[in-house]
Amino acid sequence: MADFSHLVIGAGVVGLSIASRLAQAGGRVLLVERHAAIGTETSARNSEVIHAGIYYPEDSLKTKLCIRGKSMLYHVCEKYGIGYKNCGKWIVAQTDDEHTFLEAMHAKAQSLKVPTEFVTEKQARNLEPAVRARRAILNSPSTGIVSAHELMMYLQGKFENHGGDLALGTKVKALDFDRSRGLYNVKFSVSDDGEELDEMDLKFENVINSAGNSAPLISNGILPADRHVLPYFAKGSYFSYNLSTPKTERLIYPCPAGHAGLGTHLTLDLGGRIRFGPNVEWVSSPDDLAANGSQLGEVFDEVQRYLPDIDKTGFSPDYAGIRPKIAGPEKKGFTDFYIKHEPDFPGFINLLGIESPGLTSSLAIGEYVHELLTK
């Protein structure tokens with residue numbers, strides 16, 4: 001007999017969304033997090049942007065879940081008082097090739113029914129005189145920002161209000177599938193302040209692997225060798241800006257052509273403070289979380305392309321995050337979210353490579369995982 005109907009591994013924003021959705025549907029759900037608090041990894045170390053859903057192939061999970069998640073997120077934020085702002089975003093092109101890229105992005109957005117529009121030079125001078133775009137500006141009015149912390153606190157409350165159990169300081173040590181009984185046997189270690197205190201063994205009908213940077217390790221621990229994946233860690237450092245000028249009223253992104261991410265962009269927090277990032281630095285460990293100030297020169301050069309009056313003395317290393325990738329720097333082209341009900345492992349849902357737009361997509365991912373389990 002199972003101890004719980006569902007185990008959700010990882011209490012970042014995606015795991016919290018999945019767990020709260022399953023608990024709301026009546027499941028007896030255990031959500032485990034190896035750290036002493038929820039959402040301390042990628043969920044707490046990102047740009048906190050609500051993305052529009054226009055960067056990825058039209059038929060991809062990233063596009064579908066981002067657009068659906070954006071709508072759900074704005075609704076939840078408004079209804080429950082979660083901090084957010086629909087500030088909009090400009091994507092700027094400096095070359096003819098980048099202009100062509102933005103034209104294709106605009107056409108794709110129209111086919112997806114996501115609002116975008118080109119900004120004229122006169123409009124740009126009036127609205128954002130500090131911003132330089134030598135060729136074109138594409139406006140994305142449905143982009144915004146959100147307090148990831150407040151969103152996660154809301155999801156934790158929803159989860160617990162529906163009877164879910166949250167176990168912090170609890171790490172999966174071993175996972176196997178008992179085919180004769182149709183149950184997953186899971187061994188956990190329980191720690192406090194880094195000291196292992198106890199172990200426990202529990203049985204589950206379903207397991208959802210939403211462990212972020214650790215998800216490939218969980219996946220490889222149960223799937224056969226020919227289905228193993230290698231984790232890659234793309235670190236992104238952010239820099240705060242402590243001068244009063246220049247400033248903008250909206251997010252400013254470079255054209256993403258040629259970037260491993262979306263380029264080093266200007267984002268705002270809910271207090272209107274500017275920060276720049278993330279850049280891309282491939283690292284060997286997901287624990288390499290110190291902002292890399294040695295890359296300031298590279299970051300400054302990229303920002304100065306679209307904000308020419310920026311002052312280098314105003315930059316300070318702030319924080320860094322790790323993108324949980326399943327394709328390394330040698331891989332060219334697009335890599336989609338991997339969200340799959342694994343064949344031959346009934347009830348095992350695997351989520352790998354949940355990088356941007358994971359925050360925007362989080363509520364839709366919870367909905368999607370519930371649908372996979374009830375098909």
Side-chain angles (χ1 to χ4, degrees), residues 12-13 35-37 39-49 51 87 89-92 94 128 130-132 145-149 194 212-214 231-325 327-330 355-359:
V13 67
H35 295 294
T40 61
E41 293 189 359
T42 306
S43 297
R45 295 171 171 271
N46 60 76
S47 302
E48 296 189 302
V49 172
H51 288 288
C87 55
K89 174 176 77 177
W90 283 3
I91 310 167
V92 297
Q94 310 294 355
E128 298 287 4
V131 174
R132 176 172 65 190
I145 52 177
V146 63
S147 169
H149 174 73
N213 286 309
S214 299
Y232 296 90
F233 309 114
K235 177 179 175 178
S237 293
Y238 290 82
F239 294 80
S240 60
Y241 189 69
N242 56 25
L243 300 180
S244 59
T245 60
K247 66 182 302 182
T248 70
E249 298 298 322
R250 52 188 51 76
L251 313 184
I252 310 295
Y253 277 51
C255 179
H259 291 285
L262 301 183
T264 300
H265 44 264
L266 180 159
T267 60
L268 304 168
D269 65 19
L270 290 170
R273 290 178 292 272
I274 287 176
R275 61 182 173 231
F276 297 103
N279 61 348
V280 177
E281 177 188 1
W282 295 96
V283 296
S284 59
S285 169
D287 299 320
D288 184 354
L289 291 172
N292 191 345
S294 68
Q295 297 188 329
L296 172 57
E298 176 186 325
V299 168
F300 175 76
D301 289 344
E302 187 163 353
V303 171
Q304 196 176 39
R305 292 184 72 214
Y306 59 81
L307 215 62
D309 295 330
I310 198 73
D311 187 337
K312 193 173 184 179
T313 65
F315 284 70
S316 298
D318 194 357
Y319 64 96
I322 304 289
R323 305 170 182 88
K325 289 183 174 287
E330 73 287 343
E355 54 173 332
S356 181
L359 173 62

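Worth knowing before you read on, the calculation uses all heavy atoms, side chains too, and leaves out hydrogens, waters and symmetry mates. If you read the sequence from its start, that first residue is 1, and numbering goes on from there.
The side-chain contact (heavy atoms from CB on, under 4.5 Å) check on A327 picks up K331, T335, with sequence neighbours excluded. Listed by chain and number, the residues in a salt bridge (charged side-chain N to carboxylate O under 4.0 Å, His left out) with D269 are R273 (sequence neighbours excluded). Not counting sequence neighbours, the partners of E128 by the salt bridge (charged side-chain N to carboxylate O under 4.0 Å, His left out) test are R250. Listed by chain and residue number, E41 satisfy the side chain to side chain donor-acceptor pair (under 3.5 Å) test with H35 (two or more places apart in sequence, or in another chain). Not counting sequence neighbours, the partners of R275 by the salt bridge (charged side-chain N to carboxylate O under 4.0 Å, His left out) test are E48. By the side chain to side chain donor-acceptor pair (under 3.5 Å) test, R45 is found to be paired with no residue, residues two or more places apart in sequence or in another chain being considered. The ring-ring contact (aromatic ring centres under 6.0 Å, His included) check on F233 picks up nothing, with sequence neighbours excluded. Under the rule for a ring-ring contact (aromatic ring centres under 6.0 Å, His included), the partners of Y253 that lie at least two apart in sequence or sit in another chain are H265. Looking at residues two or more places apart in sequence or on another chain, you find a side chain to side chain donor-acceptor pair (under 3.5 Å) between D311 and T313. When the side-chain contact (heavy atoms from CB on, under 4.5 Å) test is applied to E298, no partner is found at least two apart in sequence or on another chain. Partners of D301 according to the side-chain contact (heavy atoms from CB on, under 4.5 Å) rule, which considers only residues two or more places apart in sequence or in another chain, do not exist here. With sequence neighbours excluded, the residues forming a side chain to side chain donor-acceptor pair (under 3.5 Å) with D288 are K235, listed by chain and number.
Contact of the L270 side chain with the S147 side chain is registered, since non-hydrogen atoms from C-beta on lie closer than 4.5 Å. In this structure, the side chains of V92 and I252 come closer than 4.5 Å at one or more pairs of heavy atoms. The shortest side-chain heavy-atom distance between N213 and T42 falls under the 4.5 Å cut-off. Here the side chains of P256 and I91 are in contact, with some heavy-atom distance below 4.5 Å. Here the side chains of F239 and T264 are not in contact, with every heavy-atom distance at 4.5 Å or above. Taking the side chain as every heavy atom from C-beta outward, L266 and I274 approach each other to under 4.5 Å.
At least one donor-acceptor pair under 3.5 Å links the side chain of R323 to the backbone N or O of A234. In this structure, the side chain of Q94 engages the main chain of R132 through a donor-acceptor pair within 3.5 Å. Formation of a donor-acceptor pair under 3.5 Å by the S43 side chain with backbone atoms of V13 is found in this model.
Nearest heavy-atom pair, P278 versus S47, reported as atom, atom and distance to 0.1 Å: CD-OG, 3.9 Å. Across G39 and A44, no two heavy atoms sit closer than the pair O-CB, 3.0 Å. Pairing each heavy atom of P254 with each of G263, the nearest pair is CG-CA, 3.9 Å.
Aromatic rings from F276 and Y238 are positioned such that their centres are separated by 6.0 Å or more.
In this structure, CD1 in I310 is found 7.5 Å from CG in L243, a value given to the nearest 0.5 Å.
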